[in-house]
Amino acid sequence: MLHGKIVLITGSASGIGAETARQLAVQGAVPILTGRSREKLEQASASIGGKHGCYVLDVTDFDSIQAVVRQIEEAYGRIDVLLNNAGYGVFEYFADAPLERFEAMMDTNYMGIVRCTKAVLPIMQKQGGGHIINVASMAGKLSTSKSSGYAATKHAVLGLTNALRMELAGLNIAVSAVNPGPIDTPFLQTADPEGTYASRVRGYMLKPEQVAAAIVKVIERRTPEVDLPLSASIGIRLYGLFPRLADRIAGRWLNRK
Ligand code: NAI
C-alpha cells in the first residue's frame, strides 16, 4: 500500500522527518526530503536506502515553496502525502520572550503548514485524492509553563487540521494530526539549550524511530489523529475532561521545563 507513494516531507534533514523518510523508503515509498540546508539534506539522503528526492525548501518562503512543489509535480507526476513536519520551539517564560519570538515561531510552525498546504492542495484536488499530515505536539492540547509561544503555535496547527479535515472529507483527501510528547531529536538543542527539560523528562522521552513508525502507520491507515506515547494520550483525554482539577493535581509534574 505504501509502495510507490510520493511523500513530501518538510523539515526532513533531521529528527523525525529524516527518520520517517528512512522508514518509508525501506517500505518502497518515495520520500521527498526538503529542508533549508542542502548540506544537511545530503547527509540525511546518504542514510536512505531506497528511491527518494531532495529539494531545498524553507517553509517561510511561499514563492520558493510554490516553485519547489511545481518541480516535484513535474518530476514525479503527483504528491500522495504532504507531511508538514518542519517546526521548532524555544522554551522560555512569557515575560522574558521577545515579541519577535512569538511571531517567528508562528510563522514557521503554523504559517509554514498553511503555505505548504496551499501549494500542494490543488495537486491533490486535481489527482482526486491525497493525505495531509500535520506534526503538532502534545503541546497543542496541553499548555505548560515556558511554552506560551510554542504551545500556541501547536494549538493553531490543531485548529487548522480539524477544520481542514471537515472541508476535505468529501474529496478523498485525508487530514491527520500527530501529537507526540518529548522526543530525543535536535529540536531540544534549540528548545532547551541548557538541557534542564531533557534531563527531567529523559525517562519517558520518545525515540525518533517510534514516532516515525507511528507516522508511517498514520499514512497506511489514514488515521485522523494520534497522540503518543499512550500514557500522554490518556493524560490528554483526562485533562480535556477535567482541566482545572488536572492543573491542581498534575501542575507541578507537567511544569518540568
Ligand atoms: P528537528 O529539529 O530534528 O526537526 C525539525 C526540522 O525542521 C529541522 O530539520 C529544522 O531545520 C526544520 N525547520 C525549521 N524551520 C524550518 C523552515 N523555516 N523551513 C524548513 N525547515 C525548517 O526536531 P524534530 O523533533 O524532528 O521536530 C519535528 C517536528 O516535531 C516539529 O514540528 C516539532 O515541533 C515537533 N515535535 C517535536 C517534539 C520533540 O520533543 N522533539 C515533541 C513534539 C513535537
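Quick caveat: nothing in here was measured; it's all calculated off a predicted structure. Keep in mind that the numbers below use all heavy atoms, side chains included, and drop hydrogens, waters and symmetry copies. Just follow the structure's listing: the first ligand is 1, and inside any ligand the first atom is 1.
Within the 4.0 Å heavy-atom cutoff, Pro180 counts among the residues contacting ligand 1. Using a non-hydrogen distance threshold of 4.0 Å, Ala139 does not register as a contact of ligand 1. Using a non-hydrogen distance threshold of 4.0 Å, Thr10 does not register as a contact of ligand 1. For Ala136, the closest heavy-atom approach to ligand 1 falls below 4.0 Å. Under a 4.0 angstrom heavy-atom cut-off, Lys154 registers as being in contact with ligand 1.
Side-chain rings of Phe102 and Tyr150 stay apart, their centers remaining 6.0 Å or farther from each other. The six-membered or imidazole ring of Phe187 lies away from that of Tyr88, with a centre-to-centre distance of 6.0 Å or more.
For the residue pair Gln23 and Glu19, a side-chain donor N or O sits within less than 3.5 Å of a side-chain acceptor on the partner. Using a 3.5 Å distance cut-off with no hydrogens or angles, the side chains of Asn85 and Thr10 do not pair a donor with an acceptor. No side-chain donor from either of Arg222 and Ser176 sits under 3.5 Å from a side-chain acceptor of the other.
Which parts of ligand 1 touch Gly15 is read off a 4.0 Å heavy-atom cut-off, strictly below it: atoms 3 (O), 26 (O). Numbered from 1 in the order shown, with element, the atoms of ligand 1 that lie under 4.0 Å from a heavy atom of Tyr150 read 33 (C), 34 (O), 35 (C), 36 (N), 44 (C). Within ligand 1, the atoms closer than 4.0 Å to a non-hydrogen atom of Asp58 are 17 (C), 18 (N), 19 (N), numbered from 1 in the order shown. Every atom of ligand 1 with a heavy atom of Leu57 under 4.0 Å away is listed here by number and element: 19 (N), 20 (C). Heavy-atom contacts of Val135 reach the following atoms of ligand 1: 29 (C), 30 (O), 35 (C) (cutoff under 4.0 Å). Near Pro182, meaning under 4.0 Å from any of its heavy atoms, are these atoms of ligand 1: 40 (O).
A salt bridge is absent between Arg36 and Asp58; no separation between the charged side-chain nitrogens and carboxylate oxygens falls under 4.0 Å. Salt bridge present: Asp107 and Arg115 bring a charged side-chain N and a carboxylate O closer than 4.0 Å. A salt bridge between Glu220 and Lys5 is absent, with no side-chain N of the basic residue lying under 4.0 Å from a carboxylate O of the acidic one.
From Met138, atom CE reaches atom CG of Asn179 across 9.5 Å, with rounding to the nearest 0.5 Å.
With hydrogens left out, the protein atom closest to atom 19 (N) of ligand 1 is Val59 N, 2.9 Å, a heavy atom. For atom 14 (C) of ligand 1, the nearest non-hydrogen atom of the protein is Arg36 NH2, 3.3 Å. Scanning all protein heavy atoms for the shortest distance to atom 5 (C) of ligand 1 gives Gly87 O, 3.6 Å. In terms of protein heavy-atom proximity, atom 12 (C) of ligand 1 is closest to Gly11 CA, 3.8 Å. Ser14 OG, 2.8 Å is the protein heavy atom nearest to atom 3 (O) of ligand 1.
Of the listed options Ile183, Val201, Leu228, Asn84, Ile183 places a heavy atom closest to atom 40 (O) of ligand 1. Of the candidates Asn134, Thr185, Ile113, it is Thr185 that places a heavy atom closest to atom 41 (N) of ligand 1. Among Phe187, Tyr88, Tyr197, the residue whose heavy atom sits closest to atom 2 (O) of ligand 1 is Phe187. Of the listed options Leu206, Asn85, Asn179, Asn85 places a heavy atom closest to atom 31 (C) of ligand 1.
A cation-pi arrangement is absent between Lys146 and Phe91, since the terminal nitrogen or guanidinium carbon is not both under 6.0 Å from the aromatic centre and inside a 45° cone about the axis.
Between the side chain of Asn162 and the backbone N or O of Leu158 there is at least one donor-acceptor pair closer than 3.5 Å. No donor-acceptor pair closer than 3.5 Å links the side chain of Asn109 to the backbone N or O of Gly87.
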